[in-house]
Amino acid sequence: MRKKIIIGNWKMNNSLKESLDFLKATDSKLKNLAIDVGIAPPYLWLKDLRLKSKNLIISAQNCYFKNKGAFTGEVSISMLKEINIEYVIIGHSERRLMFNETDELVNLKAKALLANNLKPIICVGETLKEYQENKTLLVVTSQIKNALLDIKENEIDNIIIAYEPIWAIGTGLAATAEIAQNLCKNIRMIISELYNNEVAKKVRIQYGGSVKPNNIKRILNQKDIDGALVGGASLLPDSFLKLVNEVKINGY
Ligand code: PGA
């Protein structure tokens with residue numbers, strides 16, 4: 001049975017005070033959950049939040065794949081390890097589109113994270129144009145194959161795939177649960193073809209893109225969807241707790 005995982009991707013939002021207040025308002029309410037629940041705050045707040053959090057997973061939003069050196073502005077995996085970060089989002093569409101993060105770079109980051117026993121959350125998803133041209137599966141298949149290049153079967157357990165159609169991110173237009181399920185099922189099939197059925201059954205696949213308290217239950221009820229990567233609705237404690245409660249109430 002795959003454990004559900006909800007991660008709030010804060011992007012470049014929430015001040016230090018807002019982040020600490022968020023933790024105060026949520027952390028103690030998230031004890032003994034049967035699901036994994038976490039946030040990915042800006043780099044600068046990671047250490048403070050990691051030290052103070054008892055129940056929330058504190059994930060990074062990015063990393064660089066080299067261990068150290070002349071890479072101005074970057075943060076290495078060993079630095080994240082030093083402050084006990086376990087999960088790292090890579091290949092988010094905003095990084096792909098605005099910061100030229102390529103499939104190749106996503107693969108290098110995924111391999112480096114796995115080599116360090118960290119868990120990459122690998123984001124994939126198509127643009128609106130690709131969606132309208134019925135190229136979703138083609139695009140996502142290629143992103144997954146490239147991201148997983150040279151990754152071994154025994155490392156796949158530590159990977160999370162986040163399917164995030166770009167047209168659904170920040171637009172309020174979430175994919176229907178049926179569309180999301182269909183894609184996530186296809187992602188599992190791609191992994192089964194690349195590895196085998198056993199491996200594919202174990203990989204956790206999240207959906208992301210305008211997940212809100214009023215649609216999370218329906219989305220996470222789908223057979224192949226194991227969680228959500230949530231932007232806007234994860235920023236404030238009330239809304240975040242509502243997301244978690246919807247899933248919890250649902251019997252997970
Ligand atoms: P959203 O963002 O929930 O605000 O659409 C999701 C994401 O970018 O991960």
Side-chain angles (χ1 to χ4, degrees), residues 4-14 18-19 22 26 35-43 45-46 56-63 85 87-101 106 109-110 113 119-131 136 139-140 143-144 147 159-177 179-181 183-184 187 204-222 225-247:
K4 302 267 173 190
I5 177 163
I6 301 174
I7 298 285
N9 174 15
W10 283 5
K11 311 187 181 186
M12 203 171 69
N13 292 299
N14 279 348
E18 285 164 342
S19 304
F22 179 100
T26 58
I35 57 174
D36 287 330
V37 174
I39 49 171
Y43 271 143
W45 319 147
L46 281 177
L56 267 173
I57 291 168
I58 306 296
S59 157
Q61 296 176 18
N62 187 23
C63 67
I85 297 300
Y87 290 83
V88 182
I89 298 170
I90 56 173
H92 190 280
S93 59
E94 285 148 18
R95 296 220 53 89
R96 290 179 190 258
L97 295 174
M98 289 187 262
F99 303 99
N100 300 319
E101 194 154 319
V106 174
K109 290 180 181 190
L113 284 164
K119 298 180 168 66
I121 300 174
I122 304 174
C123 302
V124 297
E126 80 286 6
T127 63
L128 179 60
K129 186 166 180 285
E130 289 160 345
Y131 174 70
T136 301
V139 170
V140 170
Q143 286 172 332
I144 289 183
I159 282 180
I160 292 172
I161 308 263
Y163 167 58
E164 299 205 300
I166 297 170
W167 48 269
I169 294 178
T171 59
L173 292 169
T176 62
I179 291 180
Q181 158 60 20
L183 241 294
C184 292
I187 289 174
R204 291 194 286 180
I205 304 174
Q206 294 177 308
Y207 165 80
S210 295
V211 174
K212 309 282 176 206
N214 66 10
N215 63 15
I216 192 167
K217 198 191 264 185
R218 203 165 139 63
I219 293 171
L220 265 66
N221 247 340
Q222 305 300 312
I225 304 181
D226 307 311
L229 191 56
V230 189
S234 73
L235 293 174
L236 296 172
D238 272 8
S239 167
F240 186 78
L241 288 172
K242 271 189 201 149
L243 289 167
V244 177
N245 280 332
E246 285 294 335
V247 179

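These numbers were taken from a predicted model, which means no experiment stands behind them. Ligands are counted one by one from 1 in listed order, and the atoms in each one are counted from 1 as well.
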Which residue and heavy atom of the protein sit nearest atom 4 (O) of ligand 1, plus the separation: Gly232 N, 2.9 Å

Does the side chain of Ile35 come within less than 4.5 Å of Val244's, by heavy atoms? yes

Taking distance alone, with N or O pairs closer than 3.5 Å, would you say Ser210 contacts ligand 1? yes

Per-atom contacts of ligand 1 with Gly231, taking only distances under 4.0 Å to non-hydrogen atoms: 1 (P), 2 (O), 3 (O), 4 (O), 6 (C)

Taking N or O atoms only and a 3.5 Å limit, does Thr171 qualify as a polar contact for ligand 1? no

List every atom of ligand 1 that sits less than 4.0 Å from any heavy atom of Glu164, numbering the atoms from 1 in the order shown and giving each element. 6 (C), 7 (C), 8 (O), 9 (O)

Could you list the residues that satisfy side-chain contact (heavy atoms from CB on, under 4.5 Å) with Asn214, not counting sequence neighbours? Lys212

Which atom names give the shortest non-hydrogen contact between Gly38 and Leu56, and what distance separates them? CA-CD2, 3.7 Å

Quick one: look at Ile169 and ligand 1, take heavy-atom pairs under 4.0 Å, and tell me if it's side chain, backbone, both or neither. both

Is it the side chain (CB and beyond), the backbone, both or neither of Ala168 that lies under 4.0 Å from ligand 1, heavy atoms counted? backbone

Would you say CE of Met12 has more than 12 non-hydrogen atoms from neighbouring residues, nucleotides or ligands within 6.0 angstrom? no

Enumerate, atom names and distances included, each donor-acceptor pair closer than 3.5 Å involving a side-chain atom of residues 161-173, sequence neighbours excluded.
| residue | atom | partner | partner atom | Å |
| --- | --- | --- | --- | --- |
| Tyr163 | OH | Glu126 | OE1 | 2.9 |
| Tyr163 | OH | Glu126 | OE2 | 3.1 |
| Glu164 | OE1 | His92 | NE2 | 3.2 |
| Trp167 | NE1 | Glu126 | OE2 | 2.8 |
| Thr171 | OG1 | Trp167 | O | 2.9 |
| Thr171 | OG1 | Ala168 | O | 3.3 |
| Thr171 | OG1 | Leu173 | N | 3.1 |

Contacting atoms of ligand 1, where contact means under 4.0 angstrom from a heavy atom of Asn9: 9 (O)

Consider every N or O of Val230 and every N or O of ligand 1, then say whether any pair is closer than 3.5 Å. no

Might you work through the side chain to side chain contact (heavy atoms under 4.5 Å, CB included) test for Gln206 and Ile219, ending with a clear yes or no? CA-CA 10 Å; Gln206 294 177 308; Ile219 293 171; over 6 Å; no

Can you list the atoms of ligand 1 that are under 4.0 Å from a heavy atom of Gly209? 5 (O)

Got an N/O contact under 3.5 Å between Gly208 and ligand 1? no

Could you list which atoms of ligand 1 come closer than 4.0 Å to a heavy atom of His92? 7 (C), 8 (O), 9 (O)

Would you call Lys11 a ligand 1 contact, heavy-atom distance under 4.0 Å? yes

